[in-house]
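Single-structure report; data block below.
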Amino acid sequence: MTQSQSRSKSPANWQPVQSEREGLWIFTGVRDFIDNIANTSPARLALTVFGVVILLFTGLLSLPAASAAGVVTPLHQAMFTAVSSVCVTGLTVVSTATHWTFFGQLVILVGIFVGGLGTLTLASLLALMVSKRLGVRGKLIAQEAMNNAGRLGEVGTLLRIVIVTSVVIEAALALALIPRFMTLGEDFWQSVWHGVFYSISAFNNAGFTPHSDGIVPYETDLWILVPLMLGVFLGSLGFPVVMVLQQNGLNWKKWNLHTKLTIQVSFILLAAGMVLWALMEWDNVRTIGRMDLDDKVIHSLFASVMTRSGGFNLVDQNHMESTTMLLTDALMFAGGGSASTAGGIKVTTIAVMFLAIVAEARGDTDVKVYGRTIPQGTMRVAISVIVAGATLVSVSAFLLLQISGATLDRVLFETISAFATVGLSTNLSAELPPSGVYVLSALMFAGRVGTVTLAAALALRERSQLYHYPEERPIIG
């Protein structure tokens, strides 16, 4: 009797243990898988993380609870909005203010915050959370993502600094905006929501607005415009630059080369963009032609800040002159700083290529600036990023021309805006059929993760060669 009882109890006693072991085996398998990718191919982990996050937010935005009409949002619209938010772009195919409920807008806002941390930062955080360690190669990638802002052993600390810095700056912007919205007649909770939404959207260079008219009603309100410009500009500098400024303040001599080039080129593009935009639109009655001098200056400065990835606009982009649209295309393609919330090919890429051209014109063998020599490998990466970006824009523009039948200036504007994750629009996105929407979605994804991942992968990929072919210089130009 006792023997039979023990036999009958044996399966029951062992079943929970077996189930528990299976559960632990699954968790261990997932952990080992992520840890292996983090140490062997962090770039692939970054792409996987962003892809999974986009699919998750697409599912959330497809829910009836996210739609103001209480119905399921079509897949192409939900996916486009998810990609635009996670890739901190700001392009929309439906109105953010009227189509989405508070839940839908909250999903978009969380997507902006998560996406603003960056692909490599997210991948590094995932590896830390799951496997409790990055591994040497994973740390190298994370360090490269922050442009070697600290020593290899400090990567975990730097990742925490990135998150804390984002939260602190966004909180400061929100505290500056909330009182102003209250004085404009909004109730307390509505002011809090709008202040938080705009602060996160601005610092992450997303350009989403919770108002149906955007920020056009505040086109002369400096209490609104100045915090937005500061948030966008700080976000476009990048976390490595912000950390250097935190450690060394405005002491130019203690800045590293990346910080010097990023800030210098950013201010050059800001000033040049402001002056050129003002000259081209000065007499355009459809934009700023009828405004007084002060308002023209404010609009020009605001446009110059936002064209390099901010995405907020005070004038209808379709009403700008053709030359202004071309200028905007160039500024959008340039983008902001590396490892920042901005898009584009990045200002340091432009700086390196300009310095290489100057060195070639002078006949110098080395590219030198501020007492430093830029390695040849860095210039190869810069060329790769520029060519890859131009190729993506060209192919996508060709496809959209075939799909939409729109004019080249509108298609090129929307394409570069998507690639550079800017968010300025001629409203072409909302007019496209689903096929065109998917093209722009893929372009936003590639623009956010493609060039950054390519740059990081090429920077860490060096093969030892046992032989060297004789040099022969082909005719260039």
Side-chain angles (χ1 to χ4, degrees), residues 46 50 86-90 112-124 141-150 158-159 161-170 173 199-207 228-246 255-270 273 304-312 331-352 381-382 385 389 419-423 444 447-456 459:
F50 247 54
V86 175
C87 295
V88 291
T89 304
I112 293 171
F113 179 80
V114 171
L117 295 177
T119 55
L120 298 174
T121 302
L122 282 180
S124 302
I141 283 289
Q143 188 184 42
E144 181 67 25
M146 290 177 283
N147 288 274
N148 302 305
L158 291 177
L159 291 176
I161 292 176
V162 166
I163 298 177
V164 172
T165 301
S166 299
V167 173
V168 170
I169 294 178
E170 289 163 0
L173 293 173
S199 65
I200 295 178
S201 184
F203 179 71
N204 291 285
N205 283 221
L228 291 181
M229 286 190 287
L230 286 176
V232 168
F233 188 75
L234 285 175
S236 69
L237 291 179
F239 294 112
V241 174
V242 173
M243 284 188 282
V244 170
L245 293 177
Q246 287 177 341
W255 291 358
N256 56 19
L257 180 60
H258 171 75
T259 301
K260 291 178 180 179
L261 290 179
T262 299
I263 292 180
Q264 185 176 22
V265 178
S266 294
F267 274 109
I268 291 174
L269 291 178
L270 177 65
S304 182
V305 173
M306 297 304 161
T307 50
R308 288 181 40 259
S309 198
F312 297 108
L331 291 174
M332 289 192 298
F333 191 75
S338 299
S340 72
T341 57
I345 60 173
K346 305 297 185 296
V347 294
T348 45
T349 304
I350 297 174
V352 167
V381 173
V385 169
F419 164 76
T421 67
V422 178
M444 286 189 290
R448 180 60 177 159
V449 304
T451 55
V452 176
T453 304
L454 174 65

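The first residue in the sequence is number 1, and the count goes up from there.
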- Message: Once rounded to the nearest 0.5 Å, what's the spacing between atom CG of Leu261 and atom CH2 of Trp255?
- Response: 11.5 Å

- Note on the structure: Taking every heavy atom of Val241 against every heavy atom of Leu237, the minimum-distance pair comes out as CG2-O, 3.4 Å

- From Phe203 CZ over to Ser236 OG, what is the distance, rounded to the nearest 0.5 angstrom? 9.5 Å

- Message: Quick check: closest heavy atoms across Cys87 and Phe50, and the distance to 0.1 Å?
- Response: SG-CE2, 4.4 Å

- Evaluate side chain to side chain contact (heavy atoms under 4.5 Å, CB included) for Asn256 paired with Val244, printing each intermediate quantity in order. CA-CA 8 Å; Asn256 56 19; Val244 170; 3.8 Å; yes

- Atom CG in Leu269, atom OG in Ser304: separation rounded to 0.5 Å? 8.0 Å

- Task: Determine, stepwise, if the pair Val232 / Ser309 fulfils side chain to side chain contact (heavy atoms under 4.5 Å, CB included).
- Result: CA-CA 8 Å; Val232 168; Ser309 198; 6.0 Å; no

- Query: Which heavy atom in Ser340 sits nearest to a heavy atom in Lys346, and how many Å separate them?
  - Reply: OG-CE, 4.4 Å

- Drop me the distance from Gln264's CD to Thr259's OG1, to the nearest 0.5 angstrom. 12.5 Å

- Message: Please check this pair: side chain of Thr348 against backbone of Thr262, looking for a donor-acceptor N/O pair closer than 3.5 Å.
- Response: no

- Okay, side chain of Arg308, backbone of Met332: is any donor-acceptor separation there less than 3.5 Å? no

- Could you give the distance from CG (Asn204) to CZ (Phe113), rounded to the nearest 0.5 Å? 7.5 Å

- Note on the structure: Scanning both residues in full, the closest heavy-atom pair of Ser201 with Gly207 reads OG-N, 3.2 Å

- Query: Going through the checks in order, is the side chain to side chain contact (heavy atoms under 4.5 Å, CB included) test met by Ile263 and Leu245?
  - Reply: CA-CA 11 Å; Ile263 292 180; Leu245 293 177; 4.1 Å; yes

- Run through Val86, Thr89, Ile200 and flag the one making a side chain to side chain contact (heavy atoms under 4.5 Å, CB included) with Ile112. Ile200

- Item | Stepwise side chain to side chain contact (heavy atoms under 4.5 Å, CB included) check, Phe312 with Val305 | CA-CA 9 Å; Phe312 297 108; Val305 173; over 6 Å; no

- Taking all non-hydrogen atoms of both residues into account, name the closest pair between Phe239 and Gly116 and its distance. CE1-O, 4.0 Å

- Query: Are Phe233 and Phe267 an aromatic pair by the rule of ring centers under 6.0 Å?
  - Reply: yes

- Closest heavy-atom pair and its distance - Val265, Ala351: CG2-CB, 3.8 Å

- Query: Is there a donor-acceptor contact under 3.5 Å from the side chain of Thr341 to the main chain of Gly235?
  - Reply: yes

- Query: Can any side-chain N or O of Arg448 pair as donor or acceptor with the backbone N or O of Gly115 at less than 3.5 Å?
  - Reply: yes

